[in-house]
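Before any comments, here is the structure.
Since the structure is predicted, the reported quantities are computational estimates derived from the model, not experimental observations.
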Amino acid sequence: MPDVMSSSRLIGIGVGPGDPELVTVKGVNALRAADVVVVPVMDTGERGRAEATVLHYVPAEKVLRVVFALNERTDRARREAAWDEAGRTVAELLGRHATVAFATIGDPNVYSTFTYLAHTVGGLVPGVAVETVPGITAMQDLAARSGAVLTEGTEPLTLVPVTAGSAVLKEALAGPGTVVAYKFGRHAAEVAEVLRETGRLDDAVWGASLGLPEESIRPAAGMDAEPLPYLSTLIAPARRDGGRGGKL
C-alpha cells in the first residue's frame, strides 16, 4: 500500500448509458491515455455495461475488473466491505501506475460508484489527484431517443432515485417542471400509481438498456403490467400549456 505522498491520478470517466458512440472524445482520450482502466463488476461475474463500452476503445489486457456489491440493497456491511476491497485494489494500482482510470456508466458525479471509490482511495493514498470526465446521462439519452423535452425557459428539473421512496417522487411530481426518476424498475407499479395520482401519467415515458440491442422505450401508461429492469429511467415532462416560449 502506498505510504508516501502520491503523484498519481485517479480519473473517473463517464462512458454514457450504454451506446459506445455516446462516449465523449475527451472520455475516449482519457481511457486510452490511462495506464490501466478499472471497471466495476458485480460479484456474480458477468460483464457490466461500463466494461462492454470501454472495450470498444481500449484493449482487454488494459482493463481490470474490480468487484463491487452492485446488486446489494440491504446488507450495508457487505456493500461497504466491497467498497473497501475495491479501494485497496485501486490504491495498490496507484502505487505502480501514474494514471488509473475508473469507467462508470452515465456520469461520475451523478449517483456513481466512483464517488465511493474516490473517497476510499483518498484516505489510502495521500496526495492522489482525483479528476472526473463527464459523461452522457441516461436522462439525456432517453430524452433524445423519445423526443421528451427536459426543460424549457424557467422550468426546474428534478432528479429522484426511487430507492429514496415513492413519497419523495410524489412530492417532486406534485411540483412544477420535469421529473426524472432513476432506478425505479423494481417499483414500477408503485411509480405508475404515483403518476396517476399526480396527473402525470399520460405524458411520461420510460426507457431501459438505452443504446443496447435489448433497448426498451415506451409510454409510462401500462408499465406496471410487467417487471422492468432495475436500471430503468422515467421522464415525466413538465405541464406545458402556454404555447411556444410559455415558460420564458
Side-chain angles (χ1 to χ4, degrees), residues 10-19 22-24 27 38-43 48-54 66-76 78-80 82-84 86-87 90 101-122 130-146 148 150-151 156-173 177-188 190-191 194 204-212 228-236:
L10 173 62
I11 306 177
I13 302 174
V15 296
D19 183 348
L22 290 181
V23 185
T24 66
V38 174
V39 294
V41 295
M42 293 193 297
D43 50 12
R49 205 175 297 182
E51 181 180 3
T53 304
V54 165
V66 173
V67 174
F68 284 78
L70 298 171
N71 55 342
E72 181 58 69
R73 312 297 170 204
T74 57
D75 189 338
R76 182 177 180 86
R78 175 173 174 265
R79 191 168 64 241
E80 292 196 351
W83 292 345
D84 289 341
V90 172
F102 181 88
T104 177
I105 60 171
D107 182 278
N109 293 304
V110 180
Y111 299 129
S112 171
T113 307
F114 179 72
T115 303
Y116 314 122
L117 178 70
H119 180 82
T120 303
V121 171
V130 177
E131 304 171 13
T132 56
V133 177
I136 300 295
T137 62
M139 65 177 170
Q140 291 170 290
D141 196 15
L142 179 58
R145 293 176 186 274
S146 67
L150 288 171
T151 56
L157 173 64
T158 304
L159 175 59
V160 178
V162 177
T163 49
S166 60
V168 177
L169 176 62
K170 186 173 183 178
E171 181 180 358
L173 289 167
T178 294
V179 176
V180 176
Y182 275 2
K183 305 178 183 178
F184 81 91
R186 295 176 183 172
H187 308 280
E190 191 176 355
V191 169
V194 171
V205 62
W206 71 270
S209 301
L210 300 172
L212 303 175
L228 304 185
Y230 171 70
L231 289 177
S232 295
T233 298
L234 173 86
I235 297 176

With a 4.5 Å limit on heavy-atom distance, are the side chains of [X] and [Y] in contact?
{"X": "L159", "Y": "Y111", "result": "yes"}
{"X": "V180", "Y": "L150", "result": "yes"}
{"X": "V121", "Y": "F102", "result": "no"}
{"X": "P40", "Y": "F114", "result": "no"}
{"X": "L231", "Y": "I105", "result": "yes"}

Using every non-hydrogen atom in the two residues, find where [X] and [Y] come nearest and quote the distance to one decimal.
{"X": "T233", "Y": "A138", "value": "OG1-CB, 3.5 Å"}
{"X": "D107", "Y": "P134", "value": "OD2-CA, 3.2 Å"}
{"X": "I136", "Y": "D141", "value": "CG2-N, 4.4 Å"}
{"X": "A181", "Y": "V162", "value": "CB-CG2, 3.7 Å"}

Table please: side-chain donor-acceptor pairs of residues 11-19 below 3.5 Å, with sequence neighbours left out.
| from | atom 1 | to | atom 2 | distance (Å) |
| --- | --- | --- | --- | --- |
| D19 | OD1 | E21 | N | 2.9 |
| D19 | OD2 | R145 | NH2 | 3.1 |

For Y116, I'd like to know if atom OH has over 12 heavy atoms of other residues, nucleotides or ligands within 6.0 Å.
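12 or below, so no.
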
Counterpart residues, side-chain hydrogen bond (donor to acceptor under 3.5 Å, both in side chains), relative to E190 (two or more places apart):
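Per chain and number, E190 pairs via side-chain hydrogen bond (donor to acceptor under 3.5 Å, both in side chains) with S166.
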
Would you call the rings of F184 and W206 parallel, tilted or perpendicular, taking 30° and 60° as the class edges?
perpendicular

